[in-house]
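The figures that follow rest on heavy atoms only: side chains count, while hydrogens, waters and symmetry mates do not.
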Amino acid sequence: MTFLPETGYVPTEEDRASLDTWFAEYDAHSAKRDVERMADLAVFPLNLVSDDSAGDGRAAQWDRERFVATMTHVMGEGGEDIGFESTRTPVFLSPAMAVVFTDSVMTAGGETQRLRYADILIRRGGSWAFQTMIQGGWGDNL
């Protein structure tokens with residue numbers, strides 16, 4: 001069982017529903033490898049946090065161009081859609097900030113991979129956008 005930290009803010013049903021809607025849209029773009037539309041849902045410069053093969057923590061900031069180029073390379077172009085089954089645990093820090101922990105199973109080309117990562121999202125003008133991506137194992141590519 002996961003116990004969420006007390007942040008002083010109790011999210012409303014609308015808070016959770018709007019975040020779920022945002023992730024459904026992002027996942028749909030990811031499944032189609034539509035990296036440009038994925039980038040439309042981010043705030044740049046985008047913060048990335050990971051660790052490298054030496055076991056050291058790494059961080060970087062990417063502009064939109066770097067995000068699109070790297071994600072296009074990582075996800076590949078065209079081909080069949082990518083399938084995602086994700087369980088998300090959001091921690092709302094306020095009505096406009098959430099840290100979302102995700103456990104996901106990604107299937108592409110008959111291969112299955114388990115992923116665990118976190119995103120920091122902010123809400124501006126009523127719309128969510130991701131601003132920080134956190135996942136182990138990518139530091140050598142930052």
Side-chain angles (χ1 to χ4, degrees), residues 1-124 127-142:
M1 172 171 244
T2 301
F3 293 98
L4 300 180
E6 176 58 47
T7 66
Y9 177 73
V10 177
T12 66
E13 287 184 30
E14 191 279 329
D15 289 333
R16 179 60 198 247
S18 66
L19 202 59
D20 290 344
T21 299
W22 183 90
F23 272 107
E25 180 180 357
Y26 186 82
D27 287 350
H29 297 314
S30 297
K32 293 181 173 141
R33 297 180 167 102
D34 190 345
V35 176
E36 288 289 343
R37 289 292 294 131
M38 292 164 58
D40 289 343
L41 300 175
V43 174
F44 295 98
L46 180 67
N47 294 308
L48 296 102
V49 180
S50 191
D51 56 5
D52 63 19
S53 57
D56 292 324
R58 301 285 301 260
Q61 284 191 327
W62 287 355
D63 60 14
R64 183 186 175 104
E65 181 180 344
R66 174 89 187 265
F67 174 84
V68 169
T70 302
M71 294 303 285
T72 299
H73 174 75
V74 168
M75 297 181 79
E77 294 187 59
E80 66 185 60
D81 286 355
I82 300 170
F84 292 96
E85 292 181 31
S86 301
T87 301
R88 294 198 167 87
T89 305
V91 177
F92 286 84
L93 304 176
S94 76
M97 294 186 297
V99 179
V100 182
F101 298 89
T102 301
D103 288 298
S104 184
V105 176
M106 178 184 74
T107 305
E111 304 265 335
T112 298
Q113 183 177 4
R114 293 193 176 281
L115 307 169
R116 172 171 275 170
Y117 56 92
D119 296 299
I120 298 175
L121 285 87
I122 60 174
R123 185 160 40 185
R124 302 178 304 166
S127 297
W128 288 101
F130 69 96
Q131 203 293 308
T132 300
M133 301 170 77
I134 306 167
Q135 184 177 12
W138 293 96
D140 293 328
N141 299 308
L142 298 181

Test side-chain hydrogen bond (donor to acceptor under 3.5 Å, both in side chains) applied to [X] - qualifying residues, sequence neighbours left out:
X	answer
E14	R123
D103	R116
D34	none

For atom CD of Q61, is the number of surrounding heavy atoms from other residues, nucleotides or ligands below 6.0 Å larger than 12?
->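 Yes, CD of Q61 has more than 12 neighbouring heavy atoms, counting only those of other groups under 6.0 Å.
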Does CH2 belonging to W138 count more than 12 external heavy atoms closer than 6.0 Å?
->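 No, the 6.0 Å shell around CH2 holds no more than 12 heavy atoms from other groups.
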For [Y], does its backbone N or O pair with a side-chain atom of [X] as donor and acceptor, under 3.5 Å?
X	Y	value
Q135	L115	no
S50	G139	yes
D52	A54	yes
T7	F92	yes
S94	A96	yes
D20	A17	no

Roughly how far apart are S18 OG and F23 CZ, rounded to 0.5 Å?
-> 11.0 Å
Interatomic distance, CE@M38 vs NZ@K32, rounded to 0.5 Å, equals 13.0 Å
Tell me the closest heavy-atom pair linking [X] and [Y], and the distance in Å.
X	Y	result
V43	A129	CG2-CB, 3.6 Å
Y117	D119	CE1-OD2, 3.3 Å
A39	F44	O-CE1, 3.4 Å
S53	D140	OG-OD2, 2.9 Å
T70	W62	CG2-CH2, 3.3 Å

Do NZ/NE/NH1/NH2 and the carboxylate oxygens of E36 and R64 come within less than 4.0 Å?
->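 Salt bridge: yes.
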Test: R37 and D40 ion pair at under 4.0 Å |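 Yes, R37 and D40 are salt-bridged.
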Taking the side chain as C-beta and beyond, is there a heavy-atom pair between [X] and [Y] under 4.5 Å?
X	Y	value
S104	E85	no
L121	M97	no
V100	L19	yes
P45	D63	no
W128	I122	no

Who pairs with T132 by side-chain contact (heavy atoms from CB on, under 4.5 Å), at least two apart in sequence or on another chain?
->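 Here the qualifying residues are N47, V49, I120, I134.
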Residues which pass salt bridge (charged side-chain N to carboxylate O under 4.0 Å, His left out) with D27, listed by chain and number, not counting sequence neighbours |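 With sequence neighbours excluded, D27 shows a salt bridge (charged side-chain N to carboxylate O under 4.0 Å, His left out) to R88, given in chain and number order.
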Residue that, paired with F67, satisfies side chain to side chain contact (heavy atoms under 4.5 Å, CB included) out of L46, T72, L48 = L46
Worked verdict on E25 versus L41 for side-chain contact (heavy atoms from CB on, under 4.5 Å) = CA-CA 9 Å; E25 180 180 357; L41 300 175; 3.9 Å; yes
Does the side-chain contact (heavy atoms from CB on, under 4.5 Å) test come out yes or no for T87 and T102, once each step is laid out?
-> CA-CA 6 Å; T87 301; T102 301; over 6 Å; no
Contacts of type ring pair (Phe, Tyr, Trp, His ring centres under 6.0 Å), residue Y26, not counting sequence neighbours =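 Partners of Y26 under the ring pair (Phe, Tyr, Trp, His ring centres under 6.0 Å) test: W22, F130.
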Under the side-chain contact (heavy atoms from CB on, under 4.5 Å) criterion, do L93 and Y9 qualify, and how do the steps go?
-> CA-CA 6 Å; L93 304 176; Y9 177 73; over 6 Å; no
